[in-house]
Structure formats: structure tokens, C-alpha cells
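Not measured: the values here are computed from a predicted model.
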Amino acid sequence: MLEIDIARKTYPDRGGRSHVALEGLRLSASPGEFVCLVGPSGCGKSTLLNLVVGLDSDMDGRVQLDGRAPGKDIGVMFQEPRLMPWLSVLENVMLVTSDAHATRARAIELLRAMELGDVLDAYPGRLSGGMQRRVALARAFVIEPALLLMDEPFVSLDAPTADRLRAMLVELWQRRRSTVLFVTHDLREALALADRICFLSAAPGRVVLEVQVSLLRPRAPNDAAVLALQAGLLAQHPDLLAGLITTEPATDA
Ligand code: ADP
Ligand code: MG
């Protein structure tokens, strides 16, 4: 169980004042649950993920995974693939593992499953953007993480490539059943992926609406059912994607 309770997260501002990035943000996720976070630019989504992964611990609040501060058992994937250009594809995936011997076979299996079996020894610079994201996806999964954090991992890809990567992600998640926190500003992407969507307010970010998504999988962002859900949500809350909501939380989609 992931439990996040952030009373306040501030950044020092120029001129000695401070910028409140998150305030009163409470969020939990069950083991194996796929949660999408949707919120306007600047509302503190990346800030939140940094706090969860422990890259930043300067806050008034608490993050717990199964009753403890999250440890090393977290996979992450960012907007940029963040691969090491001087390491091969396989070395990049194995970089995050501590037991090289045990994970080499798993890394190769994962990369083959992502149709990267022919480029194990290639350097990332030779690969297309979509292939680089697949390497980053393999790297996030190779440790079989209890928790997977993804920060807009598929932006700036063409639609078919992004669709394919989403399908691969869902397949890996269904096998491993990691708890996933997936940040996006694309509502259709969230509806295509999530068990539950948490909508965040404009800065300072907090959860203003939670929506259960019970559509059968596999789903894609252009499915009629996804488009219908999107239209329904936006009809009910026209300013939802700006982080503004006028009615009370807890809607069932
Ligand atoms: P999002 O990912 O939702 O677009 P961020 O979490 O990146 O938002 O940023 C939230 C707010 O906090 C923004 O106003 C941003 O300028 C500010 N911010 C983010 N990181 C820092 C930092 N290291 N120092 C100061 N301000 C920051
Ligand atoms: Mg961000």
C-alpha cells in the first residue's frame, strides 16, 4: 500500500519568499493498482514523484510504502529516456540492478520481449526515440519493482509508437502487478491506462477529483468507450484539466 500525505511542499523563491508547490495532497494506491495523475502544467506532479522516489525529502509530510519509507524497490521512467550514451542497451538496463548475474538473463528476456533483441550491444545514440523509450521501460521493470513511477514517459512520440509502448507497459504491469503512479496531462491516455485517475488542482497541487475507470482492457486512447468517458467527464467538469472543479469528489465512471 502506497500512502502519501503531504501537508506542504515549498521551494525557496528569489527574493526570500517561498513558492508552495503542493498543499494538502493525500493519495493512496493499493498493491498492483494503476493510478494516473492528471493535472495542469506546474501543479507539482514532478515534484510529487521526486518526493515519492526520495530524490527530494524536504517537505512537511510523509510518504510510506507498506508502512515504511520507500526503499530501492522503485522503478522510474521520465519524459526523456535518460540513457547513458557510453553504455550499450543491455548495460543501460543492467545499470540499475545490484545482482548482475541474476538479472542479466531477465534483462535480455525483457529486451527481447520489447523487440530489442537485435540491438543489445548497440549504443543508445543509434536508436530511434521510440526504441530509446523501450530501453527505458525495460530498465524500469528489470528490478521487478513494487512501485513504478512514470512522469509523462510517452510524450513527443508519434501516436502509433506511443500506443505500442502503452500496450507493452500494460502487459508488463499485468504480469508483474507493480503499483503504478503514472503522470500525464493527456486525459485520454489516462483513461486508456488507469484503474483510477486522480485529478490535481492548479498550484499548489492537491487531489480534487478521483475517478474509477472500469473499462475492460486492452484499451486505446481512441477507443469509442474512452472518448465517451472523456466527453462525459468534461461535460460534468468543464475546467477539470485546468485543475478546477465545482462539484464534490468521488465520481464513478
Ligand atoms: P509539473 O510537473 O506539474 O509541471 P513541477 O513539479 O515541475 O510541476 O513544478 C511545480 C512548481 O514548482 C513550478 O512552479 C516549478 O517552477 C516549481 N519548481 C519545481 N522544481 C523546483 C526547484 N527545484 N526549485 C524551485 N522551484 C521549483
Ligand atoms: Mg512535470
query: Does Arg139 use its side chain to pair, donor to acceptor, with the backbone of Val96 at less than 3.5 Å?
result: no
query: Judged by modelled atom types alone, do Ser156 and Arg133 share a side-chain donor-acceptor pair under 3.5 Å?
result: yes
query: Residues in side-chain hydrogen bond (donor to acceptor under 3.5 Å, both in side chains) with Thr184, at least two apart?
result: Glu189
- prompt: Is a donor on one side and an acceptor on the other found under 3.5 Å between the side chain of Arg219 and the backbone of Ala194?
  reply: yes
- prompt: Rounded to the nearest 0.5 Å, what separation is found between the CD1 atom of Ile245 and the CG atom of Leu209?
  reply: 4.0 Å
query: Linking I/L/V/M/F/W/Y whenever any side-chain heavy atoms sit under 4.5 Å apart, do Leu193 and Phe199 land together?
result: no
field: Co-members of the apolar cluster containing Leu244 [side chain, <4.5 Å]
entry: none
field: Which atom of Ser201 lies closest to which atom of Cys43, heavy atoms considered
entry: O-CB, 3.1 Å
task: Inspect the surroundings of CZ in Arg26 and state if more than 12 heavy atoms from other residues, nucleotides or ligands are less than 6.0 Å away.
output: no
Residues 80-91, side-chain donor-acceptor partners within the protein, below 3.5 Å, at least two apart:
{"unit_1": "Ser88", "atom_1": "OG", "unit_2": "Glu91", "atom_2": "N", "d": "3.1"}
{"unit_1": "Ser88", "atom_1": "OG", "unit_2": "Glu91", "atom_2": "OE1", "d": "3.4"}
{"unit_1": "Glu91", "atom_1": "OE1", "unit_2": "Ser88", "atom_2": "N", "d": "2.9"}

- request: Dump the intermediate steps for side chain to side chain donor-acceptor pair (under 3.5 Å) on Thr103 and Thr97, then the final yes or no.
  value: CA-CA 7 Å; Thr103 48; Thr97 66; 3.1 Å; yes
- prompt: In terms of hydrophobic clusters joined by side-chain contacts under 4.5 Å, are Leu200 and Leu2 together?
  reply: yes
field: Arg217: partners by salt bridge (charged side-chain N to carboxylate O under 4.0 Å, His left out), with sequence neighbours left out
entry: Asp195
- line: Heavy atoms of Gly130 and Leu165 approach each other most closely as O-CD1, 4.1 Å
task: Name all residues meeting the salt bridge (charged side-chain N to carboxylate O under 4.0 Å, His left out) criterion together with Asp239; count only those two or more places apart in sequence or in a different chain, and write none if there are none.
output: none
Heavy-atom pair of closest approach, residues Leu27 and Leu37: CD2-CD2, 3.7 Å
Output side-chain donor-acceptor pairs under 3.5 Å for residues 111-128, partner residues at least two apart or in another chain, one line each.
{"unit_1": "Glu115", "atom_1": "OE1", "unit_2": "Arg164", "atom_2": "NH2", "d": "2.6"}
{"unit_1": "Ser128", "atom_1": "OG", "unit_2": "Met131", "atom_2": "N", "d": "3.2"}

field: Where Leu137 and Met150 come nearest, the two heavy atoms and their spacing
entry: CD1-CE, 3.7 Å
message: Quick check on the hydrophobic clustering: are Phe78 and Val35 connected, directly or via other members, by side-chain heavy-atom contacts under 4.5 Å?
response: yes
statement: With Lys9 as partner, the option from Asn50, Thr47, Asp56 fulfilling side-chain hydrogen bond (donor to acceptor under 3.5 Å, both in side chains) is Asp56
message: Once rounded to the nearest 0.5 Å, what's the spacing between atom CD of Glu33 and atom OG of Ser178?
response: 13.0 Å
query: Do any N or O atoms from the side chain of Asp223 and from the backbone of Val226 form a donor-acceptor pair under 3.5 angstrom?
result: no
task: Taking all heavy atoms of Ala138 and all of Leu110, pick out the closest pair and write down the distance.
output: O-CD1, 3.6 Å
- request: Check whether NZ of the Lys or CZ of the Arg Arg175 lies under 6.0 Å from the centre of the six-membered ring of Trp173 and within 45 degrees of that ring's axis.
  value: no
Nearest non-hydrogen partners of Ala107 and Met94, listed with the distance: CB-CG, 3.9 Å
